Amino acid sequence: MTLFQASEIVKVFPGVRALDGVTLSLEAGSVHALLGENGAGKSTLIKVVTGLYRPDGGRLLLDGREVSFGSPHESASAGIGVVHQERNLIPGFTVGENIMLQKLPTSRGLIDRAAIRSEALRWLAELELDIDPDQPVTELSVAQAQLVEIAKALSVESRVLLLDEPTASITPNEAALLFRVVEKLKDDGRAVLFVSHKLEEVFQICDTVTVLRDGASVLSGGALSELTRDQVVDLMVGRVHEALNLPDRTVDTSVAPILELRGVGTATGHSEVDLTVRPGEIVGLYGLVGAGRSELAKALLGLDRITAGEVLVRGQAVKIRTVRDALRNHKIGYVTENRKEEGVFLEQSVARNIAVTIWDRLRKFLGYVPAKSETEMVKSYVEQLGIRIASPSQHAGTLSGGNQQKVSLAKWLAAQTEILIIDEPTVGIDVRTKDAFHTLIWDLAANGLAILLITSDLPEMITLADRVVVMRDHRIQGELPNTHDYDQMSQQVIRLIHATPSTLGAA
Amino acid sequence: MKRFARSTEMTLLVIGIVFFIGLVIASGGDLLAANSLRVLLQFLAVPILIGLAQMVVLAVGQLNLAVGAIGGFAAAAMGVLMADHGVSVPLALLIGFLLAGIVGLLNGVLVVLTRINGFIVTLATMTILLGVQYRLVGTRTVDAYPQGLKTFGAAALFGVIPWIFVVALIVAGLLAVMLKRTVPGRQLLASGGNPIAARLSGISNDRSVIVAHTLSGAILGVAAILTVASSPGVNKSIGGDWLLPSFAAPIIGGALLTGGSAVVLGTVLAAFIVRFVDTARAEFSLEPSWVNFVVGAVVLGSVVLGQVRTRRQERRSVVKSPDVAVAGGVS
Amino acid sequence: MTAPVSETATQALQEDAPIEKPPRGAPWWANQRIGLLVLVVLLGVLFGILRPAFYNQQLVIFPLLRDIAMFTVVGLAQLCVLSIGHMNLAVGRMAAFSMMLTGISYDLFHLTLYSGLLVGLVAGTAIGALAGWVIARTGVNSFVVTLALDFLLLGLIPLVYTGLTDNAAFVTKPPGMRELRNYSLADVCVGNVCGSPAVPQLALFAVVAMAVVGWIYARTRLGRELLMTGSSVKAAELSGIPTARRVITAHAMSGCLAALAGFMLAVSTGSIKATIGEEFMLPSFLGPILGGTLLAGGFVSIWGTLIGTALTSVIRKGLDLLGVGLESLNIYLGLILLVALSTDRVRTVLSERQEVRRQ
Amino acid sequence: DSASGGAPKDDASTGTSAGPVTLKDGSQVKLALIPGGAHPYFQPWKTVAAVDKADFKLGDATFNETGEWDQGKQNNVINSLAAQGYNAFGIFGVSPTDINSTFEDLKAKGFAVGSLASCPAGDTNAADFCLSTDVEAAAYKAAKATIEAIGGEGAIVHLTGNNVDSNTQRRIAGVKKAIAETNGKVTELPVITDIDKDLSTAQKAVADLLASKGKEIKGIVTTAYNPAVAAADGVASSKLPIKVVAIDDDAKILSGIKSGGVAATVTQNPTGQAYIGGWLLALLQSKQCTMKTPGVIVDSGSFVVTKTNVDTYDEERKAKTTALKTEFEKQLSCQ
Ligand SMILES: Nc1ncnc2c1ncn2[C@@H]1O[C@H](COP(=O)(O)OP(=O)(O)OP(=O)(O)O)[C@@H](O)[C@H]1O
Ligand SMILES: Nc1ncnc2c1ncn2[C@@H]1O[C@H](COP(=O)(O)OP(=O)(O)OP(=O)(O)O)[C@@H](O)[C@H]1O
Ligand SMILES: [Mg+2]
Ligand SMILES: [Mg+2]
């Protein structure tokens, strides 16, 4: 039974036709995948469906009847629940209130705190989340926040549930939990829309699929079982997609490490961290969310105090105080995992976003930065990374996620760093761009860059890393040479993560 | 509780108590005399209310530069209605209160409709209202209104707690309940905290902005009533000195300029501390210059010193990036 | 200077990547600055028709330009901190503080006009830097810090004035001060060509300030880094920008410009007194914000500040000339501002609509 | 700083005329009376401007208070009026230390300028004349009245406005002088300044003062408007036996005098200032007369009003105004 249908939807923004005749239909009791490259229009479609944007053309049908939503409130009342791609929690509110925000329970005109607590607990339990509903959301980790949002969408008990990249920042374990819930909803006869760039997940839980390309649906409602992974990718990309084929790359192990950590402890709680990275080597740092990998990287950059041990760069013990220090004196760069807030300046031009690290180098008398040398520099990186922009003066905030990530990376390449720490480079990035990023990272290493790759994406780790270092609870659990064999490696890594210290000792 | 112990409110409470004890000792206990306490509290009522009026708009990430002008205008209107037009006290007060509320509503509607920065809108309404206030009272001081109102303005519970102070506390209490425990209140704060998220959750930010400005106007209406009741008369200077204190109280009380924070208690406590400074000035016969100098120096000094502990958290939060914080602004 | 990226990677990243459709530039008339400028001109013409005296060079245009020049500098002082998303509530008091030192240097040390100005600028820079330092060190909101500083100075300044002077003002006028007040460009000649008598020489200070500030924000690393800091402190910090130092710089610039504005006020009213700068606060925000500078930081407009300031000054002057009494002056002032801005807003919306329709 | 003393005695060698001077032709004179801003003190000017126009058959006379207590704005108002053809200016300068520059500008453009109700700070007056209350003398009188009201003994406190204003400094000096003359019988608590900005501030300051020092204080002398209103009200409601001496004769204060809440007030002579000032300016601008000593300073008088003379003080004031005219006639040299 078709529960919900959107047909021939058109949505125009100043400067771009984001949706240009998209048709999508969701069946009761089935999970539908919505796929497409970055900027294809997936999120825009979801926003149109939930009444956030008014469509410039097309119709929405719920139970066969035409509907139009003036606001998210109306769509929610009509039974459509949604987890948006952006994180959308209210700081200063508790977990419970955030979950129940759409329909705060009241008794005698006042908000019923007990009801919030019990309701919230119910949905948190559904996701097997052990979080106190009275905790402020600001204290949550990224993954926890994501899961709370899912709980929030579930709490509406909607008949139609739209999930826009819900798994982008959670671990496979947590994702598995989510999928169990999705299965349950499906069995209840609800319709679920699932957006993800992780095709493994899509094939695991979805029944049917719609593929968007440049704002139009190129496949509308095909059964996923009849398609292969490659066919789906080809549809998204619009041509035959070649599998990633990385050239050989060898690390010269005789070279002295360019970055070495010896028994490092930090103010945030790391202890006894030993790590080495050689030029031309990709060291993968794996761990569950919250293991403390990003914090270790930030401590290295002087953003947090190092309390014990020593950090050696090119064999010299160093004390790095600021990012500027790291960049100028040690040629260390850091591509952050949080690109919206730390990676790009959303309200600034692409040119400035990339050039921010090189003004120091370009400046002439009195800090004058010649516009010409700047634009040339920027242009070359825009070209090399294939950043899709109309002009370098376009604001970074108007770019799709993938392009924002490229911008975030470009500034470190421009800075000519020799040690690059890359944190979760492909979160929310489509297959093709992801492959390109992988080629790029591989390539940077082949050219002699030392790379510390932090990722929670196991396939990515196994594709790229030369060695995999596993971290848990702010300590290094162990280190594995990478065989690039997925099945074998994934087992070893997972085992290492869950090894208790005693079993480690035994091993 | 642990959270409260670390909160701005707790700090303010401690500072306030220490300050008060200091003053009591300095005055040789005179400050505890009924009359002294009454005077202390009498002039707290209006500062508390104007602080709250500003806090409400700060909570949605807006500013209200027209606090003084709204209050002054409403007070002038009430005074003129009673003195020149013989309108009865309750009716005049009601009209004044409603006028203040309506101006607040208008502020909100203008911000929403025109999408002009609230700063500019309230600046414009401020200018207009200053004109209207002058037009209403000119350079006179209007005081020919019924004695009953003035009696109320000066009356105190047990001779210590002025009724106008009680009214201010009641307003503060109602506001706290409204912001903490009612749906419109929560929605208002949600809009302030993260407008995009609020919108995605089906909350109308526009409505929140309008509600906040209207509430602000209404609170100022109450402030105007208390002013008319307790001051020797109404003239064009009423409200002239409200703007800075209206910001100082909530911000010292812990409100964020970016919105999303409801700090009723903090605002009230901050108003107390500011009031203690006045009392100290009278007690020690200080020159106002010295008072200002000391207040400024103490605030700056405590800000510099008090950072030793917070500094580390501050640095961490720059780094750790709470994922939920999204820039303010009204969508 | 190319990045270490191989051809293959570059290709992989580029393959038939269709450029995202270029956002067509909004029509020129939708530009906020141009809109405001048109408004200023229209009002100028309107007032001129109603009162031909509006074009009196000596008595109207000259003081009008002197005012606009001064308040533009005041606006720039605020703009510097707005660029990093901060506020300077002590902008007026910083001017008073700097001028106090200038006054002392004239009164007690008999410095020349410009060396006294230099003393003031240094003092302004220093007090601004102090504010910035406290903010950067403590992370406390700039609003609170500058408000506290304002109180401190509000106390300090009268103490000094009442201690050092009989009349709470420094009345010593170094040579040249009187002239600066009244001289126009007509007194500046290159060969036989002289400037307009309607343009006060004081306006040159504003021109210099605009040029320097404009140059900093448009052309230098410092300006860019300030804007980046305003856009996102976290991202700036993580991109290697010394954000703490930038905060200090922005506030120091603000203090320096406040001092300059204070000097211009002192010159144009006649003496250096404790109350200099009391009326600076609101105009300091009004000019930049009307002109499009963001309160949240990350975008500034120097021209906008000038035009925004001009708008309010022209309205006020026009109302003055129309003989609008105090009963109505503020009412009209506020209404004109509201109506002007609403039409400006309507224009923007219309242009956006039109653009969407074109696609 | 005794103002009236500055006038040189009439000397046969300096004058061509003495005796009544009548304006021959005021039709070319457009008179502007410009107060510092809106204040009850200046309200009589508004009516007097019209009277001046009618009595002296002036081309025009206007009253403009839009300067709003800001020297820059006041200068703008003055310039705007000049641009519209006004050529005789009676000005209350917002900033006594700055106003000479404004006067100089106007003089340079050939306008007649009088400093009304306040004289420039320092020793020079760049206007043609200054006709103003001698603020120090007025404050002295007020303090004297207070001392008398409290019976010549006890502590008094002085409430006033903007501390960093030369007129305030003069007022403080005047009060101190009166107290010094009592040889320690009367003491003064620290002066409370800066409470004239708005009524609430004044009211708060008075209440705090009474709460902390109410028992010591015998009298309050105020030399600014809002503190005067607040003190009268505060003392009345606190029921303390404190004598309040106010300033000016706003309706609110006169009613206080009548009801006994205010012991005395020192009124000034705004009407006389505006009337005589207008007449003088017309004479000067029409070039009928010139000042013998440009910049001469004349005290327009201040009058202590108590319950006993509250109904008659205006007569005294009118007499003073007439006297002022005679005094100025001696200062003029006319054709
Ligand atoms: N508010 C907006 N204003 C202007 N353009 C927009 C807006 N929102 C989206 N776009 C543009 O619309 C297009 C579709 O964006 P959308 O976010 O829907 O892509 P997506 O498929 O969700 O991509 P991703 O996988 O990166 O999330 C993009 O080109 C984007 O730049
Ligand atoms: N379960 C949890 N409960 C409370 N706090 C947590 C939890 N998980 C993570 N955190 C917070 O996250 C911090 C570590 O996060 P960090 O970002 O360094 O980890 P990570 O390994 O990089 O993981 P991520 O994949 O999220 O980036 C911890 O210091 C803690 O404050
Ligand atoms: Mg998306
Ligand atoms: Mg991380």
Side-chain angles (χ1 to χ4, degrees), chain B residues 23 26-27 30-31 33-40 42-44 46-47 50 68 71-72 75 130 134 137-144 150-151 153-154 223 226-227 230-242 245 275 278-292, chain D residues 35 37-43 46 65-66 68-69 157 162-164 188-216 225-240 248 250-253 255-256 261:
Chain B
L23 278 176
S27 71
D30 281 358
L31 194 58
N35 186 47
S36 304
L37 278 182
R38 186 182 58 77
V39 168
L40 181 86
Q42 176 92 3
F43 293 96
L44 254 170
V46 172
I50 59 179
L130 286 180
Y134 182 76
V137 295
T139 54
R140 299 176 294 158
T141 299
V142 176
D143 68 341
K150 290 187 179 173
T151 312
L226 299 189
T227 305
S230 63
S231 81
V234 177
N235 63 24
K236 72 176 191 67
S237 74
I238 297 285
D241 228 21
W242 288 10
R275 181 73 186 107
D278 282 332
T279 313
R281 165 180 163 167
E283 188 57 51
F284 301 112
S285 296
L286 294 175
E287 238 189 276
S289 297
W290 279 110
V291 175
N292 290 328
Chain D
H39 193 282
Y41 177 85
F42 300 114
Q43 294 318 298
K46 202 185 277 183
E65 61 194 352
T66 56
E68 293 184 68
W69 301 105
V157 61
N162 189 3
N163 185 25
V164 282
E188 190 190 11
L189 294 176
V191 185
I192 299 183
T193 58
D194 298 303
I195 54 170
D196 192 28
K197 280 192 211 87
D198 66 318
L199 189 51
S200 318
T201 306
Q203 192 197 1
K204 188 167 64 178
V206 168
D208 284 339
L209 174 73
L210 295 180
S212 63
K213 304 260 166 18
K215 292 188 202 98
E216 304 163 36
Y225 179 67
N226 281 318
V229 174
D233 189 81
V235 169
S237 63
S238 72
K239 306 196 175 56
L240 286 163
D248 292 344
D250 172 69
K252 171 99 190 154
I253 286 166
S255 75

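None of these values were measured; they are calculated from a predicted model. Letters go in sequence order (proteins before strands), and every chain restarts at 1.
Contacts of D:A251 with chain B are absent, with no heavy-atom separation under 4.5 Å from either backbone or side chain. Neither the backbone nor the side chain of B:S27 has a heavy atom closer than 4.5 Å to any heavy atom of chain D. With a 4.5 Å cut-off on non-hydrogen atoms, D:P190 touches chain B through its side chain but not through its backbone. Looking at B:R275, only its side chain comes within 4.5 Å of chain D, counting heavy atoms on both sides.
Once rounded to the nearest 0.5 Å, the distance linking CG of B:N235 with CG of D:N226 reads 5.0 Å. Distance check: D:I195 CD1 to B:D241 CG gives 12.0 Å after rounding to the nearest 0.5 Å. Rounding to the nearest 0.5 Å gives a distance of 10.0 Å between CG of D:L199 and OG1 of B:T227. Here the straight-line distance linking atom OG1 of B:T141 with atom OH of D:Y225 works out to 2.5 Å at 0.5 Å rounding.
The nearest pair of heavy atoms linking B:S230 to D:Q203 is O-NE2, 2.5 Å. Across all their heavy atoms, B:S36 and D:A211 have their closest contact at OG-O, 3.8 Å. Here the shortest heavy-atom pairing between D:K197 and B:S237 reads O-CB, 3.7 Å. When every heavy atom of B:R281 is checked against every heavy atom of D:T193, the shortest pair comes out as NH2-O, 3.4 Å. The two residues B:P232 and D:A230 make their nearest non-hydrogen contact at CG-CA, 4.1 Å. Contact detail for B:A282 and D:S212: the closest heavy-atom pair is O-OG, 3.5 Å.
Proximity of a side-chain donor or acceptor of D:K252 to a complementary backbone N or O of B:R140 within less than 3.5 Å is not detected.
With chain B as partner, the option from D:A207, D:A202, D:S200 having the largest number of non-hydrogen pairs under 4.5 angstrom is D:A207.
With 3.5 Å as the limit, one finds no donor-acceptor pair spanning the side chains of B:Y134 and D:E68.
Considering only heavy atoms from C-beta on, B:Q42 stays 4.5 Å or farther from D:D208 through its side chain.
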